[in-house]
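Notes follow once the structure below has been shown.
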Amino acid sequence: MSAVLPPTSGASVAPDPQEPKGPVRREAGTSVWGAAFARLRRNPQAIVGAAIVGLFVLVAILAPVLAPYAGTALPGRGEITPTSIPVPGELAQFPLGLDRFGGDVLSKLIWGAQASLLIGLVSTALGLAGGMLLGLIAAGFGGWVDNLVMRLVDILLSVPNLLLAVSIAAVLGQTPAAVMIAIGASQVPIFARLLRSSMLQQRSADYVLAAQTLGLSRRSITMSHVLPNSLGPVVVQATLALATAVIDAAALSFLGLGGGRPETAEWGRMLTYAQNELAIAPHLAFLPGICIAITALGFTLFGESLREALDPRQRKA
């Protein structure tokens, strides 16, 4: 028998085919939100929606700089007659014309963006906070607490969204604060049911079982793991709710529930006082209506794109 000798220092050894060649490169991990942002940057619909929303927010923030006149100023009062209202382009100092009270339409549209943004953000924040609290209680405790909270949510959902907001605003009074509370309250059941559903879905995930195996308490698992991983659909709904809030705010102002003086700059109120002037000044209704529609479209486009980016079942690529 011949012994097998180990290779000498001068002998060559065949490389292992399983061994990687060259330096090992590790791919950096990407978070869920990072991957979603990357998808949004490649989505034309998301870009258009973000551009509209960004322009709306920019105009609202810079209203004191962009608006030629104050929101309640009436610089063209002397130009108004019972049968004539200057239309866009008729007077150089008022490029979008005047309203029945003598206010500059361009200034009112700019200040109206600020009012709509404030109402939309505050009302959505109120609805999000209330809905998340109810959803967290229902999903966290379960049992009879879940049944009780969900029956309350079902009662609220049985009432149409705008009708519920009108009822609450009528009870609280004709003030902007009442409008914010009314719109926020009408959105609470939507956020509550969505967060509860998302949390129940997350509770069956493998990482929850692993956390239970390690001995973590139910409260710790819910607050540190289940809740943070359930916020994606809620954030998407909040983006879409902003579009609904802008429309609902205009609707409540149109119905006379927004409070304030007639010449106050707010898109819904501008529509209200444009009804009697459609024959001689249709621009008073068209311009704020277009602003409301474009703003709602921007939030909707961005919200739907964000939903597609976060939900693997709705991704096209």
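Small disclaimer: the values here were computed from a predicted structure and weren't measured.
Looking at Ile280 and Arg100, their side chains come closer than 4.5 Å, going by heavy atoms from C-beta outward. Residues Arg196 and Leu134 form no side-chain contact, since every pair of their non-hydrogen atoms from C-beta on lies 4.5 Å or further apart. At least one side-chain heavy atom of Leu128 sits less than 4.5 Å from a side-chain heavy atom of Met132. Here the side chains of Val236 and Glu304 are not in contact, with every heavy-atom distance at 4.5 Å or above. Here the side chains of Phe56 and Ser116 are in contact, with some heavy-atom distance below 4.5 Å. The shortest side-chain heavy-atom distance between Asp154 and Arg193 falls under the 4.5 Å cut-off. With contacts defined as side-chain heavy-atom distances shorter than 4.5 Å, the pair Asn229/Tyr207 qualifies. When side chains are defined from C-beta on, Leu109 counts as touching Trp267, because their heavy atoms get closer than 4.5 Å.
The backbone N or O of Gly103 lies less than 3.5 Å from no partner atom in the side chain of Arg77, so there is not a single donor-acceptor pair. Under the 3.5 Å distance criterion, the side-chain polar atoms of Ser220 are left unmatched by any main-chain donor or acceptor of Ser217. Checking side-chain atoms of Ser198 against main-chain N and O of Leu194 turns up no donor-acceptor pair under 3.5 Å. Checked by atom type and distance alone, the side chain of Thr272 pairs as donor or acceptor with a backbone atom of Ser253 at under 3.5 Å.
Residues Leu164 and Val122 are members of one and the same hydrophobic cluster, defined by side-chain heavy-atom contacts under 4.5 angstrom among Ile, Leu, Val, Met, Phe, Trp and Tyr. Val159 and Ile247 fall within a single hydrophobic cluster, where Ile, Leu, Val, Met, Phe, Trp and Tyr side chains are chained together by heavy-atom contacts under 4.5 Å. Hydrophobic clustering, with ILVMFWY side chains joined whenever heavy atoms are under 4.5 angstrom apart, keeps Leu214 apart from Ile221. Under a hydrophobic-cluster definition in which Ile, Leu, Val, Met, Phe, Trp and Tyr are linked whenever side-chain heavy atoms come within less than 4.5 Å, directly or via other members, Ile190 and Ile155 are assigned to different clusters. Linking ILVMFWY side-chain heavy atoms closer than 4.5 Å, directly or via other members, places Leu118 and Met270 in a single hydrophobic cluster.
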*asked:* Quick one, Leu195 with Leu227, criterion side chain to side chain contact (heavy atoms under 4.5 Å, CB included). Give me CA distance, side-chain angles, the key distance, then yes/no.
replied: CA-CA 9 Å; Leu195 180 62; Leu227 179 59; 4.1 Å; yes
*Show your reasoning for whether side chain to side chain contact (heavy atoms under 4.5 Å, CB included) applies to Asp99 and Ile85.*
CA-CA 7 Å; Asp99 61 10; Ile85 298 177; 5.9 Å; no
_I'd like to know whether Ile80 forms a side chain to side chain contact (heavy atoms under 4.5 Å, CB included) with Leu98, so could you lay out the CA-CA distance, the side-chain angles of the two residues, the decisive distance to 0.1 Å, and finally the verdict._
CA-CA 8 Å; Ile80 304 298; Leu98 299 171; 4.0 Å; yes
*Run the side chain to side chain contact (heavy atoms under 4.5 Å, CB included) check on Leu136 and Met223 step by step: do they pass?*
CA-CA 9 Å; Leu136 179 60; Met223 301 303 297; 4.2 Å; yes
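Closest heavy-atom contact between Gln114 and Ala63: NE2-CB, 3.9 Å. Shown here for Asp104 and Gly97, the closest heavy-atom pair between the two residues is OD1-O, 3.7 Å. Here the shortest heavy-atom pairing between Ala192 and Val153 reads CB-CG2, 4.0 Å. When all heavy atoms of Ala170 and Leu257 are compared, the pair lying nearest together is CA-CD2, 4.4 Å. Looking at every heavy atom in both residues, Ala251 comes nearest to Leu162 through CB-CD1, 4.0 Å. The two residues Ala285 and Ala274 have their closest heavy-atom pair at N-CB, 3.7 Å.
Taking OG of Ser186 as the reference point, atom CD1 of Ile181 lies at 12.0 Å (rounded to 0.5 Å). Between the OG1 atom of Thr239 and the CZ atom of Arg307 there is a distance of 10.0 Å, given to the nearest 0.5 Å. Here the straight-line distance linking atom CD1 of Ile168 with atom CE of Met180 works out to 15.0 Å at 0.5 Å rounding. Between Ile119 atom CD1 and Glu266 atom CD the span is 5.0 Å, to the nearest 0.5 Å. Note that CD of Gln237 is 5.5 Å distant from CZ of Phe191, once rounded to the nearest 0.5 Å. One finds the CD1 atom of Ile292 at 13.5 Å from the CG atom of Leu297 (value rounded to the nearest 0.5 Å).
Counting heavy atoms of neighbouring residues, nucleotides and ligands inside a 6.0 Å radius, atom CZ of Arg219 does not exceed 12 of them. Within 6.0 Å of CZ on Phe286 lie no more than 12 heavy atoms contributed by other residues, nucleotides or ligands.
Using a 30° and 60° split on the angle between ring planes, Tyr273 and Phe101 fall in the perpendicular class, above 60°.
When only modelled atom types and interatomic distance are considered, Ser230 and Gln202 share no side-chain donor-acceptor pair under 3.5 Å.
Residues passing the ring pair (Phe, Tyr, Trp, His ring centres under 6.0 Å) test with Tyr69, sequence neighbours excluded: Phe94.
Just one residue in the list Val53, Leu55, Val59 forms a side chain to side chain contact (heavy atoms under 4.5 Å, CB included) with Val57, and that residue is Val53.
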